[in-house]
There are 2 protein chains.
Amino acid sequence: MDDQTTSEAKLSGPGPVNERIVRDLRTRLMRGELAPGEILTHRKLAEQLDVSPMPVRDALRQLVAERALEVANGNRSVAVPRLNHAKLHDLKTIREGVEGLAARLAAERWKPHELAQIEAILAETSDGAGSPDASRNQRFHFAIYAASQSQVLLPLIGSLWLQFGPYLPRAGQLAGGKIGAGDKYHREIVEALRARDADAAEAAIVADIGQAMDLLLTHGLGDTGSGG
Amino acid sequence: MDDQTTSEAKLSGPGPVNERIVRDLRTRLMRGELAPGEILTHRKLAEQLDVSPMPVRDALRQLVAERALEVANGNRSVAVPRLNHAKLHDLKTIREGVEGLAARLAAERWKPHELAQIEAILAETSDGAGSPDASRNQRFHFAIYAASQSQVLLPLIGSLWLQFGPYLPRAGQLAGGKIGAGDKYHREIVEALRARDADAAEAAIVADIGQAMDLLLTHGLGDTGSGG
DNA sequence: TTCCCCAAACTGCGATCTCATTTTATGTAA
DNA sequence: TTACATAAAATGAGATCGCAGTTTGGGGAA
């Protein structure tokens, strides 16, 4: 039967199947489409995506290595990690340190087209009124980190984001889309970048991260939070 | 090559085969037994280790995700990454930031048995005279980072170390085993930890890292260094 | 000797299958 | 109704196989 029962075949983009699965899962994690604690098995995912379990296995192993997923039940299966208060607070501390460093470097090293890109993303926010897009916030931050010119730093930050990604939309709903919507800190960041002021850039990023992570700490850890 | 036929089966320790391969490759990377630029193919490695290519494939994918290895020739094969001067300098900067943060946290959070462990590792150095063991240096650093109590930070630092690991022994030889052998900064670190002085701990770690990475920058990038 | 073309070998990717182990469901006995 | 033993289902790990794309090496022609 070629008529599939449900909505499969969402794998888009170039590259091998396993890479497309990784991209797909990364996107779904950052969109909150995968709930913390959710179990991902090779065969079920493979059936959903209409591929064999093999590239799924590759993709899951890679995401586990990136700390975007974790092994559960011994080696039994892979799951979306649950975060308790302590872990989320830890994540906040490390994000402030690591992304603060990235902001410092970006302030010292950005090139004109990179600052233009950052400003363009910030401008997107002000045209539409009620679109608290988490993706826009993400693109804003990573445009800055890319301007740090550090090939070493970017994967580290990517791993950090994937770890709290599943909790973003839940807190976003409860907080009325405050995360990344209030542009106050973002404007401060751009201003600091433009002035090549590393200290101010770090301070603004730390403030932005602190506000966002405090929202997660307050509203993100609902009933399903600290179970495992 | 006659030694190929008998030099297999070095996989020790518990767990699935793929995990043992990961451990084995990690150890070999940190010991400099794998040269930068060296190509690792599924089948050859599988034959060496006397396993099927499947767990090797899993292990290589995981190490690529950790940036300990990289894909070469498109998607053709996996190789030990080569570092050029810029990349190594980038690594130095990020190490100073990230491991400096870890030292700060460790100074604030260490528990008695952890400080005792750190001091014990430092004491090892002074008993034996001429053993500039890189492994001891590594254990010293990671004992400190473990005392940071940050589950998020440790994997990040582990990834950083694997990236410069292949260059450590070469610089170690040329520098006469200076890396990790001069205990000056290590003693400063322990002193700062004991005093719960986060600033001093960070400064001492940064000095230690700076000295080690400068050695790598000076002596580690020989002829085979900046190829890719 | 030099250049070029084609065949053989090699490589990673993906599919399929088996197996040991664990989880889950079922049915029986207390 | 509850407790437990047993069967059935599910799962990850690993082995084996085939395929498409690339590299490589050898042989023939100029």
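A, B, ... follow the sequence lines: proteins, then strands. Residue 1 opens every chain.
Minimum atom distance to the side chain of T41(B) is reached by dG12(C), of the listed dG12(C), dG14(D), dG14(C).
With rounding to whole Å, H42(B) atom NE2 is found 10 Å from dT11(C) atom P. Remark: P of dG14(D) and CG of L60(A) are 15 Å apart, rounded to the nearest angstrom. If you measure from atom CD1 of I39(A) to atom P of dG12(D), you get 9 Å, rounded to the nearest angstrom. Per the geometry, CE belonging to M54(B) stands 17 Å off P belonging to dC19(C), to the nearest Å. In this entry the distance linking CZ of R20(A) with P of dC13(C) reads 13 Å, nearest Å.
The heavy-atom pair separating G165(A) from M30(A) by the smallest distance is CA-SD, 3.7 Å.
Residue L40(B) is classed as a sugar-phosphate contact, given heavy-atom separations below 4.0 Å to backbone atoms only. Note on D58(B): nothing from the nucleic acid sits closer than 4.0 angstrom, heavy atoms only.
No side-chain donor-acceptor contact under 3.5 Å links W110(A) and Q117(A).
At dA13(D), one or more side-chain N or O atoms of R61(A) fall inside 4.0 Å of OP1 or OP2 (strictly under the cut-off). Dashed line: the shortest gap from a side-chain N or O of K44(A) to OP1 or OP2 of dT11(D) is under 4.0 Å.
Residue order along DNA chain D, read from the 5' end via each residue's closest nucleotide, puts P55(B) first among P55(B) and R43(B).
Under 3.5 Å, the side chain of R57(A) and the base of dG14(D) form at least one donor-acceptor pair of N or O atoms.
Residue Q151(B) qualifies as open at atom CD: its count of foreign heavy atoms under 6.0 Å is 12 or below.
Although no hydrogens or angles enter the test, the distance criterion places no donor-acceptor pair under 3.5 Å between the side chain of S159(A) and the main chain of P155(A).
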